[in-house]
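We use all heavy atoms of the structure for the numbers below, so side chains are in, but hydrogens, waters and symmetry mates are not. Proteins get letters first, then strands, A, B, ... in listed order; numbering begins at 1 in each.
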Protein chains: 2
Amino acid sequence: MAPHTETRWLNDNEQRAWRAYLVATEKLYQKIDRELQQNSGMPHAYYMILAMLSEAPGNGLKISELADVLTSSVSRLSHALTKLETLGWIRKDADPSDKRVSYACLTDEGLRVLVEAAPGHVRTVASNMFDRLTEQQVEQLYEISAAILSAVAPEEIPELTLRPVKGDDATARP
Amino acid sequence: MAPHTETRWLNDNEQRAWRAYLVATEKLYQKIDRELQQNSGMPHAYYMILAMLSEAPGNGLKISELADVLTSSVSRLSHALTKLETLGWIRKDADPSDKRVSYACLTDEGLRVLVEAAPGHVRTVASNMFDRLTEQQVEQLYEISAAILSAVAPEEIPELTLRPVKGDDATARP
DNA sequence: CATGATTACTTGAATGTTCAACTAATAAGC
DNA sequence: GCTTATTAGTTGAACATTCAAGTAATCATG
């Protein structure tokens, strides 16, 4: 532990916000994960893999790029892709120009599963989050998240990560 | 999948906010977990157990109450407490008046570990989150979280969960 | 006060995540 | 071009979390 001359603490408002954020996020994640697990047999992390692939040109992405978009370690993703491959929801294509590289590609079956999972998932997100927020609060949440991102991921280009990219769930819109 | 007459989707602003929130939260959690794991040998979930116990009268809580405060399943907590007990950071005390009940209690060693972990943890939270937010945004984050909580945990009494309870990390303040 | 229901917690198996070590292929330096 | 370094991805072990099933004590009821 590096010694510091003075220790930073949170003031009462920060405390309160931090606690509320933690509990709200925890419960929201639990709801999202349970809904997806029950209705579509996958956790949110796997849903996101399918969603990101569905957005990519040709429904495929380099594994390392996919990991980047997902904020996932390559190792975690590799394990997940193994599982998704046995489920037949994705496929791995080799890159002929660089034999180290693999592309993860959504299969027809994977797309079907995603399209079927999407409405329930979006309903969960909307009813537990956006239906309770004003337009202003949605904007505020974006700004707050962007501010946090500037600290936790300074290298990221905001445009890439944060602009409305037809993201996540909207992806599977028919 | 229950049939719905019309499917809810997210509009562009909601999309953008949702994506940003997801990525920011993911990266923030990764930073917090890595810092705690490296400097104190425990994940954030375990830190929270110690922190909540340290706030309780007598440094102990009924296991089911602790699970509630932590937004954790009893099973998850039970596994975690087993680990923490072997580490010597908590102890389980039986309730003489109801033999089904156990109290989880912070040991002196557990408190020592928590006090040592706290400054680094708070520094991580502050530098990656609160140092980037205005006072207004801190207030907004609280309101947004409270709104989400009203959906995901309608049974919770806001006062209990959300008031500045000397929470989390502040706990370990000497 | 005996039986059935409920509550409190534990356990084990299955799944997911992390970390460090590994393989294989390409790039860089000399 | 040969060696070394870097990059892409995989793997296995350790750990964490979930879910369902199990144990044990207390409560509720008739």
Q | First of A:Val74 and B:Ser73 reached from the 5' end of DNA chain D, by closest nucleotide | A | A:Val74
Q: Could you check which of D:dT17, C:dT18, C:dG16 has an atom nearest any side-chain atom of B:Arg76?
A: D:dT17
Q. Is a donor-acceptor contact shorter than 3.5 angstrom present between the side chain of B:Ser75 and the base of C:dT11?
A. yes
Q. Can a side chain N or O of A:Tyr46 be found less than 4.0 Å away from OP1 or OP2 on C:dT15?
A. no
Q. Would a distance-only check, ignoring hydrogens and angles, find a side-chain to backbone donor-acceptor pair under 3.5 Å from A:Thr25 to A:Leu22?
A. no
**Q.** Salt-bridge criterion met for B:Arg112 and B:Glu116 (N-O under 4.0 Å)
**A.** yes
Q: For B:Arg100, check salt bridge (Lys or Arg N to Asp or Glu O under 4.0 Å) against everything at least two apart and list the hits.
A: B:Asp98
Q: Could you check how far CG of A:Asp33 sits from P of C:dA14, rounded to whole Å?
A: 21 Å
Q) Parallel, tilted or perpendicular: which fits the ring planes of B:His44 and B:His121, with parallel below 30° and perpendicular above 60°? A) tilted
(Q) Is there, by distance only and without an angle test, a donor paired with an acceptor across the side chain of A:His79 and the base of D:dG9 below 3.5 Å? (A) no
Q | Positions of residues 89-102 of chain B (non-hydrogen atom under 4.0 Å from DNA chain C), listed by number | A | B:Lys92, B:Arg100, B:Val101, B:Ser102
Q: Measure from CG on A:Leu70 to P on C:dT18 and round the result to the nearest Å.
A: 12 Å
Q. Under the 3.5 Å rule, do the base of C:dC9 and the side chain of B:Ser78 count as making a donor-acceptor pair?
A. no
Q | Spacing of A:Tyr47 atom OH and A:Leu114 atom CG [to the nearest 0.5 Å] | A | 5.0 Å
Q | Whole-Å gap separating C1' (D:dA16) and CG (B:Leu84) | A | 12 Å
Q. Starting at NZ of B:Lys31 and ending at P of C:dT18, how long is that distance when rounded to a whole Å?
A. 16 Å
Q: Considering non-hydrogen atoms only, spot the tightest contact between A:Tyr142 and B:Ala20 and give its length.
A: CD1-CB, 3.8 Å
Q: Tell me what B:Ala45 touches on the nucleic acid: a base, only sugar-phosphate, or nothing, going by heavy atoms under 4.0 Å.
A: sugar-phosphate
Q) Taking OP1 and OP2 of C:dC9, is either one under 4.0 Å from a side-chain nitrogen or oxygen of B:Ser64? A) yes
(Q) Rounding to an integer number of Å, can you tell me how far B:Leu61 CG sits from C:dC9 P? (A) 11 Å
Q: In whole angstrom, give the distance that lies between atom CG of A:Asp68 and atom P of D:dG9.
A: 11 Å
Q.
Ignoring hydrogens, what is the shortest heavy-atom contact between B:Leu77 and B:Ile63? Give both atom names and the distance.
A. CD2-O, 3.3 Å
Q) Over how many whole Å does the gap from B:Leu81 atom CG to C:dT10 atom P extend? A) 7 Å
Q: For A:Glu65 and D:dA8, give me the distance from atom CD to atom C1', rounded to whole Å.
A: 12 Å
Q) Within the structure, does a side-chain N or O atom of B:Lys62 lie under 4.0 Å from either OP1 or OP2 of C:dA8? A) yes
Q. A:Asp131 versus B:Arg8: any side-chain heavy-atom pair under 4.5 Å?
A. yes
**Q.** Nearest-nucleotide 5' precedence on DNA chain D, A:Leu77 against A:Arg34
**A.** A:Leu77
